[in-house]
Amino acid sequence: MNAAGVLGISAPLLKRVYDGGAGAVVTKSLGSEPRKGHLNPTMVIVEGGVLNAMGLPNPGADYFIEAIKALKGDGVPVVASFFGASISDFRDVAEILSEAGADALEVNVSCPNVQEELGMLGADCANTEKVTAAVKEVSKPPVFVKLSPNVTDIAEIAKAAELGGADAITAVNTLKGMAIDADFRRPILTNVTGGLSGPAVKSVALRCVWDVAKAVDVPVIGCGGVTNWRDAVEFMLAGASAVEVGTAIRSRGFGVYREITRGMEGYLEANGFKSIDEIVGLAQEAA
Ligand code: RRO
């Protein structure tokens with residue numbers, strides 16, 4: 001899958017992700033109202049990755065119903081990522097996206113770039129459990145909960161999401177960082193801080209997947225710095241059952257998805273595995 005936020009703002013772009021070889025596509029996080037997000041600059045290239053502080057720009061869940069239907073009409077499995085301003089708002093948006101026919105919902109409790117109530121609900125176990133339970137009450141498709149790496153103990157948050165009824169955990173959102181321009185002597189992003197993605201975060205994301213996979217029984221979706229098939233295999237060995245790829249589209253293009261799945265197939269064949277399931281969490285047994 002693509003990582004939420006990356007090219008997730010229109011049906012034609014998501015169709016290109018699918019045509020590039022993704023097994024499913026993930027929308028930009030949608031809210032109950034359209035949102036402009038932060039003023040530019042909202043993105044800056046840094047060492048080993050990209051810092052973004054988009055600020056949840058999105059056209060609103062109602063607007064995206066047609067896009068979900070169009071994608072479904074083209075046979076594309078759709079994961080609808082979304083956020084809420086409160087627990088009841090999370091529930092309302094989940095209901096809209098569930099009714100629209102999304103194949104799964106990904107609850108974003110981990111945006112690093114907006115104020116507390118919209119963003120980092122997922123830094124707290126009790127809130128994570130409550131939001132997950134509220135969303136589960138109204139969702140027909142499976143519910144993934146996307147967690148933040150910017151917490152002390154991600155395993156505890158994952159357990160709370162599982163307790164709330166999560167069907168899978170996505171680990172992880174971006175790592176909070178910042179960039180300063182030495183010549184202008186000021187932060188580059190209007191929001192000052194942003195979320196780091198790309199190869200620079202891979203080791204952190206891999207450790208998060210490892211910790212979450214040990215802590216919960218539901219499947220884990222790995223996300224963070226996956227650039228090639230070897231990265232994807234490593235995430236699966238750590239315990240992920242699927243991966244999301246975002247920043248790598250910048251360097252590899254839409255074909256990155258097919259490159260990764262073909263490379264994984266080659267790895268399975270060369271090492272005598274019959275199914276991808278056989279490698280999920282295999283490295284945990286060696287530790
Ligand atoms: O829009 C954003 O600023 C954003 C979101 Br919602 C998120 O979940 N993660 C991120 O890095 N940026």
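Order of appearance sets the numbers: ligands from 1, and atoms from 1 within every ligand.
Of all protein heavy atoms, the one closest to atom 9 (N) of ligand 1 is Asn173 OD1, 2.8 Å. In terms of protein heavy-atom proximity, atom 11 (O) of ligand 1 is closest to Thr174 OG1, 2.7 Å. Here the protein heavy atom with the shortest distance to atom 12 (N) of ligand 1 is Asn52 OD1, 2.9 Å. The single protein non-hydrogen atom nearest to atom 4 (C) of ligand 1 is Cys111 SG, 3.6 Å, given as residue, atom name and distance.
Counting heavy atoms closer than 4.0 Å to ligand 1, residue Leu56 contributes atoms from both its backbone and its side chain. With a 4.0 Å heavy-atom cut-off, ligand 1 is reached by no atom of Ser197.
A 4.5 Å side-chain heavy-atom check between Phe82 and Val135 finds at least one atom pair inside the cut-off. Residues Ser32 and Asp92 have side chains not in contact (no heavy-atom distance under 4.5 Å, counting atoms from C-beta outward). Residues Val233 and Asp231 have side chains not in contact (no heavy-atom distance under 4.5 Å, counting atoms from C-beta outward). When side chains are defined from C-beta on, Asp19 does not count as touching Phe254, because their heavy atoms never get closer than 4.5 Å.
Considering NZ of Lys159 and CG of Asp217, their distance stands at 11.0 Å, rounded to 0.5 Å. Atom CZ of Arg250 is separated from atom CD1 of Ile45 by 3.5 Å, given to the nearest 0.5 angstrom.
Residue contact check for ligand 1: Lys28 places a non-hydrogen atom closer than 4.0 Å to it. Between Gly194 and ligand 1 there is no heavy-atom distance shorter than 4.0 Å.
Which parts of ligand 1 touch Asn108 is read off a 4.0 Å heavy-atom cut-off, strictly below it: atoms 6 (Br), 7 (C), 8 (O). Applying the 4.0 Å criterion to heavy atoms of Pro57 picks out, from ligand 1, the atoms 1 (O). The distance from ligand 1 to the heavy atoms of Asn113 drops below 4.0 Å at these ligand atoms: 2 (C), 3 (O), 4 (C), 10 (C), 12 (N).
When Ala3, Gly55, Pro112, Ala4 are checked for heavy-atom proximity to atom 2 (C) of ligand 1, Gly55 turns out nearest.
Listed by chain and number, the residues in a side chain to side chain contact (heavy atoms under 4.5 Å, CB included) with Ala240 are Val209, Phe235 (sequence neighbours excluded).
Comment: Arg185 does not engage Asp181 in a salt bridge, judged by the lack of any side-chain N to carboxylate O separation of less than 4.0 angstrom.
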